[in-house]
Amino acid sequence: LFGYRNIFNHSPFLLKEKNKYNVGSCTCTKISRRWNSQLTLAEYLTARGMSSLTVVTDSGERAPLLCISSPELSHSHPRDGEIVSSSLDEIAVSKPTLSDPKQRLVSLDVFRGLTIALMILVDDAGKAFPSINHSPWFGVTLADFVMPFFLFIVGVSASLVFKKVSCKPQATKKVLLRTVKLFILGVVLQGGYFHGRNNLSYGVDIAKIRWMGVLQRISIGYLFASILEIWFANDYPVDSSKAFIRRYFFQALAGILIGLSYLILVYGLYVPDWFFEISSLNMESRSPVSGYGSSTQTVNCGVRGSLEPPCNVVGLIDRLLLGEKHLYQRPVYRRTKECSVNSPDYGPPPSNAPGWCLAPFDPEGILSSLMAAITCLVGLHFGHILVHVQDHLQRVIFWSVFSVFLTLAGYVLELAGVPLSKPLYTLSYMFITAGVSGLLLVVLYYIVDVKCFQKPMILFQWMGMNALILYALAACDLFSGALQGFYWYSPENNLVDITERFIQAAFNSKKWGTLVFVMLEILFWGLVAGFLHAKKVYIKL
């Protein structure tokens, strides 16, 4: 095709956005030399009765090389692999990055798999290393980055999946269906039916089932990001920074409105005194302490703008809308100094422990989940840069600048008096964790997709391609719980516990033995994911 330069060099096509022609990497047939330099290529082909040029690819399939569209049908912005030159003497072909809808962004799979591995690490090794476990209330630890990482990845994925939507109602129907399935799966896994490792019983009282959880929060963020991408992204072509802002203005506005609504409610809504009933499970897990003799505890509040565990608006809304019996019954603030003598780990309460230490609180509540959805919007914005910016270096620069800005904004808010709190999903926490998510994506993208340094990351890539099944089996302890059902004489003599005790004995340390056991567990699940990948098995909803 490029052997006949007069066809291209003497035809003023693509001066305007109306005329676009796909150029692929393939073997071309000859184009007739009969050419009128006063005509554009589109006019010439039309005059010859040709609506398109077809080429045969290396796999033997026919594909359109040059497609002639009417001006009325060509209003979309240039896609990957299209000629985008505006010069008569120069033809520029954009890099074919992600031009194939089935092509995956490897760094995103690695990021997702790394997050799954991190979740297994902090959940199973957090008991041995409380410093990496979730922060009791204020502050950020390694475990507190897991949820924002998931939400950020969901946003990036949504921008790639819905970058071109042919039928918005049909796409919305699929989004709603997947949201419902994710939410129901979350209720099944974390609603109380499965009792986790070291507990061979199962079943849940419907009157006490937990409605919110990790997958439920992800489903809300996914719904938020997908609907915004499908319905609130303008069809303006993106050829400048101003056009980029114009195209996604309403998405940014939606995020700002949600953030403002959160701040107004958290700092403006009045929290009255309230009471709760202490469940038998709470009493059994605690040593007798004065003040806990009554089955009903009253929490004195009567304040506005409090971010402390007993009197915040996030808990108030959950108690009103969900009911205290449907909340998480063992919240992280029981590891605070006021509630645990082993703080920052769980432990018996001190003698002067306040009554609210046994109160239920859901770390994935309604209001905090709406705030968490903004993290999906940040990921959505990063995905937009991936779609519209084709140069690797420019992507890295834009992402880095935006990530650093978010991180610094979070620290400024913390200095201004907005504390970091994962259970409340405060504004400062959202900014810092979203910024770190972006920086981690930059690093992984540069290593994996730019430098193609993929082999050391292959386990995480496999895990990221089957993240849902690994979350259910590993992070929710379905697999380990099933293995513990087979034991020798006593429930403690099962394969899981025997293996962990053996490693602890080998290292002569319960703490470091647990860490090695968890690392082997992550390796095991990486190999399982690799086996599923080799068999082309991918579990999705």
Side-chain angles (χ1 to χ4, degrees), residues 104-129 132-134 142-154 157 182 185-186 188-190 194-199 213-215 218 440 444 447-448 454-486 494-504 506-507 511-541:
R104 301 178 70 94
L105 184 65
V106 179
S107 56
L108 198 61
D109 283 330
V110 173
F111 194 178
R112 191 182 296 110
L114 183 63
T115 305
I116 288 288
L118 181 62
M119 172 177 275
I120 297 173
L121 174 66
V122 299
D123 285 350
D124 294 349
K127 57 184 179 182
F129 297 87
I132 69 172
N133 205 343
H134 289 290
L142 186 62
D144 294 321
F145 285 97
V146 173
M147 176 58 75
F149 285 172
F150 276 130
L151 296 170
F152 180 86
I153 293 170
V154 167
S157 301
L182 271 175
L185 180 61
V188 172
L189 293 177
Q190 290 192 305
F194 298 103
H195 298 170
R197 185 177 166 183
N198 300 323
N199 193 330
V214 173
L215 287 184
I218 291 177
L440 183 54
L444 294 176
I447 294 175
V448 176
Q454 298 181 1
K455 287 186 178 180
M457 303 289 184
I458 192 66
L459 281 178
F460 296 132
Q461 181 183 352
W462 292 339
M463 295 175 73
M465 298 174 75
N466 256 308
L468 184 61
I469 188 65
L470 295 189
Y471 169 78
L473 294 179
C476 294
D477 292 329
L478 294 189
F479 182 76
S480 60
L483 279 183
Q484 287 181 321
F486 299 92
N494 60 77
L495 181 61
V496 178
D497 291 340
I498 290 176
T499 303
E500 185 173 7
R501 289 197 300 265
F502 173 78
I503 296 177
Q504 291 172 350
F507 282 83
K511 185 176 182 179
W512 295 104
T514 300
L515 179 61
V516 173
F517 173 80
V518 174
M519 298 303 292
L520 291 175
E521 180 184 1
I522 294 173
L523 176 61
F524 169 78
W525 287 114
L527 295 176
V528 170
F531 175 78
L532 294 176
H533 173 66
K535 296 298 183 181
K536 307 297 181 183
V537 177
Y538 306 104
I539 309 299
K540 300 179 180 179
L541 287 181

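What you see below is based on every heavy atom in this structure, not just the backbone, and it leaves out hydrogens, waters and symmetry mates.
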- [ ] Check the pair Phe149 / Arg112 against side chain to side chain contact (heavy atoms under 4.5 Å, CB included), numbers first and verdict last.
- [x] CA-CA 8 Å; Phe149 285 172; Arg112 191 182 296 110; over 6 Å; no

Task: side chain to side chain contact (heavy atoms under 4.5 Å, CB included) evaluation trace for Phe507 with Phe502 - done: CA-CA 9 Å; Phe507 282 83; Phe502 173 78; over 6 Å; no

TODO: In sequence, state the C-alpha distance, the side-chain angles, and the governing distance for Leu114 and Leu118, and then conclude on side chain to side chain contact (heavy atoms under 4.5 Å, CB included).
DONE: CA-CA 6 Å; Leu114 183 63; Leu118 181 62; 5.7 Å; no

Open item on the list: The test is side chain to side chain contact (heavy atoms under 4.5 Å, CB included); show your working for Val146 and Ile116 and say whether it passes.
Closed with: CA-CA 8 Å; Val146 173; Ile116 288 288; over 6 Å; no

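Distance check: Lys127 NZ to Ile132 CD1 gives 11.5 Å after rounding to the nearest 0.5 Å. Rounding to the nearest 0.5 Å gives a distance of 12.5 Å between CE of Met463 and CD1 of Ile458. Atom SG of Cys476 is separated from atom CG of Leu215 by 6.5 Å, given to the nearest 0.5 angstrom. Taking CG from Leu473 and CG from Leu189, the interatomic distance works out to 9.5 Å, rounded to the nearest 0.5 Å. Within the model, atoms CD1 of Ile539 and CE of Met465 stand 12.5 Å from one another, a figure rounded to the nearest 0.5 Å. Expressed to the nearest 0.5 Å, how far OG1 of Thr115 lies from CD1 of Ile120 amounts to 11.0 Å.
The shortest side-chain heavy-atom distance between Val154 and Ile218 falls under the 4.5 Å cut-off. Side-chain contact between Asn133 and Val122 is absent, with no heavy atoms from C-beta onward closer than 4.5 Å. Lys540 places none of its side-chain heavy atoms less than 4.5 Å from the side chain of Leu468. Side-chain contact between Phe145 and Leu440: absent, with no pair of heavy atoms (C-beta onward) separated by less than 4.5 Å.
Screening Asn199, Asp497, Asp477 for a side-chain hydrogen bond (donor to acceptor under 3.5 Å, both in side chains) involving Gln484 leaves a single residue, Asp497.
Counting non-hydrogen atoms of neighbouring residues, nucleotides and ligands closer than 6.0 angstrom, the CZ atom of Phe531 reaches no more than 12 such neighbours.
Between Phe152 and Phe111, the ring-plane angle classifies as tilted under the 30° and 60° cut-offs.
At least one donor-acceptor pair closer than 3.5 Å links the side chain of Gln454 to the backbone N or O of Val448. Although no hydrogens or angles enter the test, the distance criterion places a donor-acceptor pair under 3.5 Å between the side chain of Asn466 and the main chain of Val537.
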Taking distance alone, no hydrogens or angles, what donor-acceptor pairs closer than 3.5 Å link side-chain atoms of residues 514-526 to residues at least two apart or in another chain?
| unit_1 | atom_1 | unit_2 | atom_2 | d |
| --- | --- | --- | --- | --- |
| Thr514 | OG1 | Gln504 | NE2 | 2.9 |
| Thr514 | OG1 | Lys510 | O | 2.7 |

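A pairwise comparison of heavy atoms in Ala529 and Leu470 identifies CB-CD1, 4.0 Å as the closest pair. Scanning all heavy atoms of the two residues, the minimum distance from Ala475 to Asp123 falls at O-OD2, 4.2 Å.
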